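Only one structure is covered here, and it is reproduced in the block below.
Fair warning: this is a prediction, and the values are worked out from it, not measured in the lab. Chain letters run A, B, ... following the sequence lines, proteins first and then strands; every chain starts at 1.
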2 protein chains.
Amino acid sequence: MARAKTTLDPFNAIAEPKRRALIEALVGKELTVTEIVELMGWNQPMVSKHLSVLKQVGLVSEKKEGRYRVYKVDADLLKIIQNWVIQFEPYWNNKLDNLEAYLNQIQAKEVNDE
Amino acid sequence: MARAKTTLDPFNAIAEPKRRALIEALVGKELTVTEIVELMGWNQPMVSKHLSVLKQVGLVSEKKEGRYRVYKVDADLLKIIQNWVIQFEPYWNNKLDNLEAYLNQIQAKEVNDE
DNA sequence: TTTACATATTCCTATATTGGTATATATTTT
DNA sequence: AAAATATATACCAATATAGGAATATGTAAA
């Protein structure tokens with residue numbers, strides 16, 4: 001046997017950097033696909049496909065408006081992630097208090113990669 | 001171009017259900033590979049390989065002890081996930097307060113899948 | 001110094017996944 | 001009705017997986 005299908009749960013949905021970027025860009029707003037295309041600088045099918053994954057998972061929802069589709073983030077599902085991660089809080093050492101530096105590093109790398 | 005390498009960041013490391021299970025099983029403990037094999041009921045290379053990914057990411061560390069390798073969880077990196085997710089907390093609606101039910105469902109499904 | 005044990009690694013296969021291009025499907029405007 | 005616009009989908013290529021089996025490597029015990 002081989003890999004199992006993955007993307008259709010919240011953990012995998014946010015594992016993709018572009019999908020995280022989409023969520024960041026879209027949260028608290030309502031944007032059409034074209035607006036997202038312009039904002040992100042990605043091609044249209046790429047945007048539609050990632051949105052489709054996010055929609056299937058439930059992290060995003062869509063509203064038809066004429067020939068437009070207006071997308072928005074449904075952030076609630078992120079509670080599932082939060083819920084999983086937070087159970088390990090008792091085990092966090094404060095050793096990694098250069099976390100700030102680490103995070104910046106990560107972010108810099110992600111920006112370069114795309 | 002095609003896919004980019006994924007597993008080597010915390011988001012992708014925990015996207016794999018087996019790796020989440022490993023972290024859950026191993027947190028706050030120190031276990032050898034064989035103990036993990038018995039505990040999880042997976043074959044030994046599978047355990048070693050998933051541990052290897054977690055180790056490369058930094059979510060797990062290992063200590064040689066004779067012919068054994070003792071593994072433990074380094075939970076700090078999970079702060080990165082927490083840090084990302086928590087920025088969306090202001091957007092959580094309490095609409096999804098059947099989250100408990102949802103979570104149980106997810107968990108039941110995961111157990112079945114493996 | 002063999003033999004047994006613990007673990008990692010290599011090799012292979014099947015499949016999922018991202019990305020790109022071209023095309024189909026609405027819907028609106030002219 | 002035709003053209004234009006907005007979006008989704010189908011198709012294709014490249015590659016990264018996860019999983020399994022066999023093997024290599026390292027260490028201890030006999």
*Roughly, in whole Å, what's the span from CG in L51(A) to P in dA8(D)?*
7 Å

*For E16(B) and dT17(D), give me the distance from atom CD to atom C1', rounded to whole Å.*
9 Å

_Pairing residues for S61(B) by the side chain to side chain contact (heavy atoms under 4.5 Å, CB included) criterion, not counting sequence neighbours_ = K72(B), D74(B)

*Please state how far atom CE in M40(B) lies from atom C1' in dG20(D), giving the value in whole angstrom units.*
19 Å

*Please determine if a side-chain N or O atom of Y71(B) lies less than 4.0 Å away from the OP1 or OP2 oxygen of dA6(C).*
no

*Given atom NZ of K63(A) and atom P of dA8(D), what is their separation to the nearest angstrom?*
15 Å

Using a cutoff of under 3.5 Å, can you pull out all pairs of nitrogen or oxygen atoms linking the protein to nucleotides 21-30 of chain D, with atom names and distances?
from: dT27(D); atom 1: OP1; to: K64(B); atom 2: NZ; distance (Å): 3.0

_Counterpart residues, side-chain hydrogen bond (donor to acceptor under 3.5 Å, both in side chains), relative to K29(B) (two or more places apart)_ = none

_Test of understanding: with side-chain hydrogen bond (donor to acceptor under 3.5 Å, both in side chains), list the residues that count as partners of K55(B), not counting sequence neighbours._
E62(B)

*DNA chain C: H50(A) or S52(B), which has the more 5' nearest nucleotide?*
S52(B)

*Quickly work out the N12(A) CG to dA16(C) P distance and round it to whole Å.*
13 Å

*asked:* I'd like to check the side chain to side chain contact (heavy atoms under 4.5 Å, CB included) partners of Q82(A); sequence neighbours left out, ordered by chain and number.
replied: I86(A), Q82(B), V85(B), I86(B), W92(B)

*asked:* Using modelled atom types and a 3.5 Å cut-off, is there a donor and acceptor pairing between side-chain atoms of R20(B) and backbone atoms of I14(B)?
replied: yes

*Take the protein atom CE of M46(B) and the nucleotide atom C1' of dT10(C), then report the distance between them rounded to whole Å.*
18 Å

_Nucleotide dT17(D), atom C1' - distance to CZ of R19(B) in whole Å_ = 9 Å

*Report the distance from atom CD of E62(A) to atom P of dA6(D), rounded to the nearest whole Å.*
16 Å

_Taking side chain to side chain contact (heavy atoms under 4.5 Å, CB included) as the definition, give me every residue that meets it alongside S48(A), ordered by chain and number, with sequence neighbours left out._
V33(A), Q44(A)

